[in-house]
Amino acid sequence: MKIHLIAAARPNFMKIAPLYHELKRNSSFTVKIIHTGQHYDKNMSDDFFTDLHLPSPDIHLGVGGGSHAEQVGNTMIAYEKVCTEEKPDLVVVVGDVNATMACSITAKKLHIAVAHLEAGIRSFDRAMPEEINRMVTDSICDLYWTPSVDGNENLVREGIASGRIALVGNIMIASLEMMRSENQSETIGGKYNLTKNGYVVVTFHRPSNVDTKEKLESLLFVLKKVQEKTPVIFPVHPRTKNNIEKFGLNGKLKDSGIICTEPLSYKKFMNLIFSCKYVLTDSGGIQEETTYLGIPCLTVRDNTERPITVTKGTNTLVSIKNIISEVEKIEAGNYRKGEIPVLWDGKTAIRVVQEIEKFFRQK
Ligand code: UD1
């Protein structure tokens with residue numbers, strides 16, 4: 001059985017890795033990694049393959065950056081050629097990036113079965129490009145593997161037959177557990193004189209936070225205030241870096257005392273997360289990793305497609321203007337403790353492989 005695992009952008013690599021390693025244990029599968037090329041810098045792509053013990057992609061589409069239509073269109077054109085030649089039996093797409101949607105549409109139009117890992121989650125905010133990708137992907141797939149019960153509920157409400165949906169748990173947590181000892185043996189904090197539980201990790205890359213000068217400037221202003229209390233380390237995403245330069249905000253960041261780094265590899269980044277006091281972010285996956293580790297996480301967004309991290313976990317949605325009041329709760333030791341959601345246990349890839357075996361048996 002030929003299976004394609006589609007990966008495009010940084011968070012996808014952590015999602016395919018545990019599944020790739022689990023599938024390779026089973027000789028009835030031929031697994032190929034298809035990298036669409038949406039993320040292409042070494043520190044946004046190759047370093048993740050190295051850290052996660054993944055081989056180089058079997059096929060690289062080399063699509064690169066561009067507008068949404070360019071990325072989606074170019075990915076579809078390139079992947080259609082691959083599918084026509086390779087004729088996979090199953091295409092597995094992960095997460096919610098442009099390639100998730102582009103490759104699902106391409107494969108389905110060629111009558112190839114498609115499975116979505118991390119299906120069903122919704123922010124209900126159609127201004128987010130990822131929400132469109134999730135909705136379109138989930139309207140045409142054959143198999144839906146969800147990380148949490150809300151994913152099942154959303155899919156059923158959207159008319160998906162419950163027999164196609166399986167709650168498999170959180171695949172990011174499977175990566176975290178697969179890599180735990182290697183992540184813990186990194187020593188990135190020491191390089192910047194950061195002490196255990198004595199620093200804040202910051203990441204921002206969402207268009208809603210970094211694509212206008214006004215938002216980005218006020219965010220940097222608040223980060224400076226946060227830094228006055230506890231040292232801040234900020235691995236800067238290329239989108240954010242480009243915009244800081246474009247809006248002439250470089251000086252503000254330099255004067256702030258914040259430790260800025262290039263984007264970090266998986267092991268280095270997770271090492272920082274393991275020992276931090278709290279996280280300020282707009283990422284999706286980090287909301288989940290912090291919930292699992294019981295670390296306070298302030299997410300600067302109006303909504304989240306991962307509501308379980310707020311209702312059960314350690315995540316709080318904040319606006320830029322109320323970051324400081326939430327930070328004060330954390331600094332005072334008054335932040336709530338969370339719980340780990342059901343099936344966030346490191347065994348998600350095993351369950352997914354069982355679902356794949358079941359699918360092929362029934363075919
Ligand atoms: C994409 C995903 C987002 C995910 C994020 C993780 C979509 C719609 N967005 O957003 O869901 O959370 O990845 O990082 O799929 N760039 C580089 N080098 C790289 C990659 C990007 O310089 O290796 C530049 C691009 O040229 C572009 C900018 O960074 O100017 C944004 O990249 P893009 O892939 O369009 O979107 P992300 O913001 O990374």
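Side-chain atoms are counted along with the backbone in the values below, which use heavy atoms only and exclude waters and symmetry mates. Throughout, numbering of the chain's residues begins at 1 and tracks the sequence.
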S.K.: Given side chains that start at C-beta, do those of Asn98 and His68 come closer than 4.5 Å, heavy atoms only?
M.R.: yes
S.K.: If you define the side chain from C-beta out and look only at heavy atoms, does anything of Phe204 sit under 4.5 Å from His237?
M.R.: no
S.K.: Would you please classify the geometry between the Phe13 ring and the Phe48 ring as parallel, tilted or perpendicular, with 30° and 60° separating the classes?
M.R.: tilted
S.K.: Can you list the steps and then say if Ile330 with Leu298 is a side chain to side chain contact (heavy atoms under 4.5 Å, CB included)?
M.R.: CA-CA 10 Å; Ile330 299 171; Leu298 304 181; 4.0 Å; yes
S.K.: What do the steps show when you test Thr316 against Tyr335 for side chain to side chain contact (heavy atoms under 4.5 Å, CB included), and what is the final call?
M.R.: CA-CA 10 Å; Thr316 303; Tyr335 196 79; 2.6 Å; yes
S.K.: Between Arg301 and Glu305, is the closest basic N to carboxylate O distance under 4.0 Å?
M.R.: yes
S.K.: Can you find a heavy atom in the side chain of Asn242 that is under 4.5 Å from one in the side chain of Arg239?
M.R.: no
S.K.: Can you tell whether the side chains of Glu262 and Lys42 come within less than 4.0 Å, N to carboxylate O?
M.R.: no
S.K.: Taking atom NZ of Lys252 as the centre, report whether more than 12 heavy atoms of other residues, nucleotides or ligands fall under 6.0 Å from it.
M.R.: no
S.K.: Begin with the C-alpha distance, continue with both residues' side-chain angles, and end with the deciding distance and a verdict on side chain to side chain contact (heavy atoms under 4.5 Å, CB included) for Tyr292 and Met172.
M.R.: CA-CA 10 Å; Tyr292 183 66; Met172 298 285 279; over 6 Å; no
S.K.: Quick check: do Ile34 and Leu61 have side-chain heavy atoms less than 4.5 Å from each other?
M.R.: yes
S.K.: Indicate the atoms forming the closest heavy-atom contact of Pro235 with Pro263, along with that distance.
M.R.: CB-CA, 4.4 Å
S.K.: Would Asp125 and Asn303 count as having a side-chain donor-acceptor pair, cut-off 3.5 Å?
M.R.: yes
S.K.: Does Lys267, at its NZ atom, have more than 12 non-hydrogen atoms belonging to other residues, nucleotides or ligands within less than 6.0 Å?
M.R.: yes
S.K.: Decide if the gap between the ring center of Phe49 and the ring center of His35 is smaller than 6.0 angstrom.
M.R.: yes
